[in-house]
Structure formats: structure tokens, C-alpha cells
Amino acid sequence: MNCAVRRQLVRVAPAAALLLAVTACSGPAKEATPAATSSASPSPGQQETQASAPSSASEGSTAMGIRVALDGRPVEATLNDSPPARDFAALLPLTLDLKDFHGTERVADLPCKLDTSRAPEPAEAKAGDIAYYAPWGNLALFYRDGPAPSSDLLILGHLDVSADELRRATRVTVASASRPLT
């Protein structure tokens, strides 16, 4: 499947899932009362929304589960819910050869450039971050904290792995959470 078709599927899938969830969870209509609209005590649904707010610049509003293997060893990982991260998810599954860059990150070329429109605010990359460097179109896996925030470097997610294991990695395999790693 080409990049454009994958991107379109990733953009349509969240809307379809939301529509399904809204229609499946809707019950009989209830009138709002003044007490229900006050901000003194949020409803349980509001509490969940507030609890899922991002805690750092490298996290999106909703984490997307992915499956990652470094040199064949599975590691825990998530993607944030930014448009570039969803665009990256549309490319999966991927297996990429990694090379060191400036003693800070492991990098690999992606098969096509990601859509960076509506990208989140720039953030400084931290060890374990999965990022996209837009000018070169490559994926970066940071094993040390990165440079100052730049609009060219977009944080896509995070790997839960030791810096040393990430520094030594020569190959990464990434798949969606619903697909096995191959």
C-alpha cells in the first residue's frame, strides 16, 4: 500500500472509531441541570479527560500502542497522538537499519516523508524519545538528551529501554499494536 493510501486510512480510522463509540455509548437524552453544568465537581467522564492530559511535551493527548523490537528484542513503546505520529503509524510495519548520529541518537531513513502540518510545539528530545527530523525525512531514536527544541525535530513517541541498549541497536522493527513483529 502506498504512503498516501496509508495516510488516508490513518486519518479516517480515528473519526470512524469516535463515531462508533459515540453511537454505541449514547443513551436516552437527559436535560442538563444547573448543578450538572457547574465546574465545582466534574462528572466522571470529565475527570478521565483531565487525567489523560499530556504530562510532557513528548506525549500527545492519547498514546497509541506500537510494538517495537531492537535487534530482535521487544521493548515497550508508545506513539503520541500528534498528526505526524499518526502519519508514521500509517507506514507500519517497518524494519529499518540504524546508524549512529553525533553520539546522541540512532537514525534511519523512512520510506517517505511524514506530513508535518499541524505538528505540535517543538520540544527538546529526551533519552528514549522517538522523533522525526523533517528536513532529512528520517526517524531518530535518542539515547541521550537531544538539542534545544526545533520546529524541524518532531517528537513522535517514546521507547522504554535503557540508553545503552538503544545506543548499541543496529536494527529497529516497528508494527502497530494489533500486528505481530516479524
Side-chain angles (χ1 to χ4, degrees), residues 1 3-18 21 48-49 51-71 73-98 101 104-134 136-146 149-163 165-166 169 171-182:
M1 194 179 321
C3 290
V5 172
R6 284 185 178 187
R7 286 182 183 142
Q8 189 62 23
L9 286 174
V10 167
R11 288 185 182 123
V12 173
L18 179 62
E48 289 175 19
T49 302
S52 66
S55 60
S56 75
S58 65
E59 295 178 29
S61 59
T62 306
M64 294 185 284
I66 55 173
R67 299 173 59 96
V68 175
L70 294 174
D71 297 327
R73 292 182 307 277
V75 298
E76 296 290 320
T78 56
L79 291 178
N80 59 41
D81 193 30
S82 68
R86 288 192 302 270
D87 204 30
F88 174 68
L91 299 176
L92 303 180
L94 288 173
T95 297
L96 304 167
D97 290 326
L98 298 168
F101 187 74
T104 303
E105 61 197 272
R106 303 297 287 173
V107 297
D109 293 327
L110 291 176
C112 61
K113 290 198 172 199
L114 302 181
D115 179 6
T116 58
S117 62
R118 299 175 297 134
E121 289 296 313
E124 180 179 339
K126 302 289 184 196
D129 278 349
I130 303 167
Y132 175 68
Y133 187 62
W136 295 348
N138 68 11
L139 186 68
L141 308 176
F142 283 84
Y143 59 87
R144 289 193 176 144
D145 289 352
S150 163
S151 60
D152 290 335
L153 184 68
L154 308 175
I155 307 300
L156 304 177
H158 193 80
L159 296 163
D160 292 324
V161 63
S162 75
E165 185 177 352
L166 191 50
R171 180 172 275 203
V172 63
T173 301
V174 187
S176 67
S178 62
R179 295 186 62 151
L181 291 170
T182 55

Taking every non-hydrogen atom, the tightest pair across [X] and [Y]:
{"X": "L91", "Y": "C112", "result": "CD2-SG, 3.5 Å"}
{"X": "E124", "Y": "P149", "result": "N-CG, 3.6 Å"}
{"X": "A63", "Y": "T78", "result": "CB-CB, 4.0 Å"}
{"X": "L70", "Y": "L141", "result": "CD2-CD1, 4.3 Å"}
{"X": "E105", "Y": "A140", "result": "OE1-CB, 3.1 Å"}

Working to the nearest 0.5 Å, report the span between [atom1] of [X] and [atom2] of [Y].
{"X": "D129", "Y": "R144", "atom1": "CG", "atom2": "CZ", "value": "15.5 Å"}
{"X": "R106", "Y": "L139", "atom1": "CZ", "atom2": "CG", "value": "12.0 Å"}
{"X": "D109", "Y": "L98", "atom1": "CG", "atom2": "CG", "value": "10.5 Å"}

Check: [X] side chain, [Y] main-chain N or O, donor-acceptor pair, under 3.5 Å:
{"X": "D87", "Y": "D115", "answer": "yes"}
{"X": "D145", "Y": "K126", "answer": "no"}
{"X": "Y132", "Y": "P84", "answer": "no"}
{"X": "T116", "Y": "A119", "answer": "no"}

Do other residues, nucleotides or ligands put more than 12 heavy atoms under 6.0 Å from the CD atom of E165?
yes
Can you find a pair of side-chain heavy atoms, one from [X] and one from [Y], that are under 4.5 Å apart?
{"X": "L79", "Y": "F88", "answer": "yes"}
{"X": "F101", "Y": "W136", "answer": "yes"}
{"X": "P122", "Y": "S151", "answer": "yes"}
{"X": "I130", "Y": "V174", "answer": "no"}

Please lay out, stage by stage, how F142 and L153 fare under the test side chain to side chain contact (heavy atoms under 4.5 Å, CB included).
CA-CA 12 Å; F142 283 84; L153 184 68; 3.8 Å; yes
Criterion side chain to side chain contact (heavy atoms under 4.5 Å, CB included) on L156 and L114, from CA distance to verdict:
CA-CA 11 Å; L156 304 177; L114 302 181; 4.2 Å; yes
For D71, give me all partners under side chain to side chain donor-acceptor pair (under 3.5 Å), at least two apart in sequence or on another chain.
T170
Here's a test for you: under side chain to side chain contact (heavy atoms under 4.5 Å, CB included), which of L96, D97, N138 qualifies with V107?
N138
